[in-house]
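Since the model is a prediction, treat every value here as computed from it, not as a measurement.
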Amino acid sequence: ESNIAVAITISGSGCPAGAYTTPATLTWINGVSCSVSVQQTAATADARTVFSQWSDGPVSPSRNIVASPGAVYTIVMATDYRLSRLVSGSGTVSGTDGFYAAGSTVTLTATAGTGQQFNGWTGSVTSAANPLSVVMDGAKTITANFVPALSSVRIETNVAAQFNVSGAGCPVGPDAAPVTLTWNTGTACSLSIPSPQG
């Protein structure tokens, strides 16, 4: 038997050779050894069921079983879920895409590219935590979001003065100095100072 239905094959001299689905009750002569193999189940895009072990200890999906009256052998199967990591913007995410055991925890760390900053996780998990601990209680698709980093620019004058800022991605004015403005790191902005001042 098994914790879920699973296909097995039996072979050997004097054995009920063939393919079966658990739970199955099979009979053969006491003392005869038969080879029993657990077959891998088909995976879906998001989950798969894999052999874990036999309840009496063996961890190989194939084993020899010697018939004895009333013997029960249980196959323990486990579920794995798929993790998919995506990136929006410029940066990287640690870890590996693929299947992880149900209930396991995967740690993801986002690293921003040059001139970028991390702006949170979206998808199966919404969080600003970095690193992020993901419990694999189902298939997960998680996106690390990166946006242009901001820089502070201080504009000062020897007397109070009006000025204008222009350019794509710039904090369009007018503004009055002294003042601290912020815009995307690496963005070139133009400043113009009317003269004479009003």
Side-chain angles (χ1 to χ4, degrees), residues 1-12 15-28 33-113 116-147 149:
E1 50 184 57
S2 61
N3 55 334
I4 63 170
V6 63
I8 61 172
T9 57
I10 297 179
S11 61
C15 301
Y20 300 89
T21 300
T22 61
T25 300
L26 305 171
T27 58
W28 62 84
S33 177
C34 296
S35 176
V36 180
S37 296
V38 178
Q39 304 304 302
Q40 177 65 50
T41 60
T44 67
D46 293 328
R48 68 182 183 185
T49 303
V50 295
F51 173 82
S52 177
Q53 68 176 63
W54 296 84
S55 62
D56 58 333
V59 294
S60 171
S62 297
R63 69 180 294 186
N64 290 325
I65 293 177
V66 177
S68 59
V72 176
Y73 294 89
T74 302
I75 302 163
V76 180
M77 301 295 286
T79 301
D80 292 345
Y81 292 113
R82 183 182 294 279
L83 171 66
S84 299
R85 302 162 306 126
L86 302 175
V87 171
S88 174
S90 178
T92 59
V93 179
S94 67
T96 305
D97 290 350
F99 286 101
Y100 292 85
S104 63
T105 300
V106 181
T107 300
L108 301 178
T109 301
T111 303
Q116 299 278 300
Q117 64 185 20
F118 176 64
N119 193 41
W121 307 93
T122 54
S124 300
V125 175
T126 301
S127 176
N130 191 26
L132 176 70
S133 293
V134 180
V135 177
M136 295 302 294
D137 54 4
K140 306 283 185 182
T141 299
I142 300 174
T143 301
N145 298 284
F146 301 95
V147 296

Asker: Is a side-chain donor or acceptor of S94 paired with a backbone partner of T109 at a separation under 3.5 angstrom?
Answerer: yes
Asker: Please confirm whether the backbone N or O of S11 pairs with a side-chain atom of S35, one donor and one acceptor, at under 3.5 Å?
Answerer: no
Asker: Supply the atom-to-atom distance S52 OG to M77 CE, rounded to the nearest 0.5 angstrom.
Answerer: 9.0 Å
Asker: How far does CG of L108 sit from OG1 of T96, to the nearest 0.5 angstrom?
Answerer: 9.5 Å
Asker: Is the side chain of T74 donor-acceptor paired with the backbone N or O of S55 at a distance under 3.5 Å, no angle test?
Answerer: no
Asker: Kindly say whether S60 contributes a backbone atom to a donor-acceptor pair with the side chain of W54 at under 3.5 angstrom?
Answerer: yes
Asker: Nearest 0.5 angstrom please: D137 CG to T105 OG1, how far?
Answerer: 9.5 Å
Asker: Do W28 and I65 touch side chain to side chain, with heavy atoms closer than 4.5 Å?
Answerer: yes
Asker: Would a 4.5 Å heavy-atom cut-off, applied to side chains only, mark I8 and I75 as touching?
Answerer: yes
Asker: Any side-chain heavy atom of R63 sitting closer than 4.5 Å to one from Y73?
Answerer: yes
Asker: Working to the nearest 0.5 angstrom, can you tell me the gap between T79 OG1 and M136 CE?
Answerer: 11.5 Å
Asker: Rounded to the nearest 0.5 Å, what separation is found between the CZ atom of F51 and the OG atom of S62?
Answerer: 8.5 Å
Asker: Distance-only, no hydrogens or angles: does the Q40 side chain make a donor-acceptor pair with backbone N or O of T49 under 3.5 Å?
Answerer: yes
Asker: Okay, side chain of R85, backbone of V93: is any donor-acceptor separation there less than 3.5 Å?
Answerer: yes
Asker: Restricting to non-hydrogen atoms, name the atom on K140 and the atom on V135 that form the minimum distance, rounded to 0.1 Å.
Answerer: CE-O, 3.2 Å
Asker: Shortest non-hydrogen contact from T107 to S133?
Answerer: OG1-OG, 4.1 Å
Asker: Do the side chains of I4 and T41 get nearer than 4.5 Å, heavy atoms only?
Answerer: no
Asker: Can you name the residues that form a side-chain hydrogen bond (donor to acceptor under 3.5 Å, both in side chains) with T92, not counting sequence neighbours?
Answerer: none
Asker: Counting only pairs under 3.5 Å, give me each side-chain donor-acceptor contact of residues 117-124, with atom names and distances, residues two or more places apart or in other chains.
Answerer:
unit_1: W121; atom_1: NE1; unit_2: A129; atom_2: O; d: 2.6
unit_1: T122; atom_1: OG1; unit_2: N145; atom_2: ND2; d: 3.0
unit_1: S124; atom_1: OG; unit_2: T141; atom_2: N; d: 2.9
unit_1: S124; atom_1: OG; unit_2: T141; atom_2: O; d: 3.2

Asker: Got a second to check how far R48's CZ is from Y81's OH, nearest 0.5 Å?
Answerer: 13.0 Å
Asker: Looking at every heavy atom in both A110 and F146, which two are closest together, and how far apart are they?
Answerer: CB-CZ, 3.8 Å
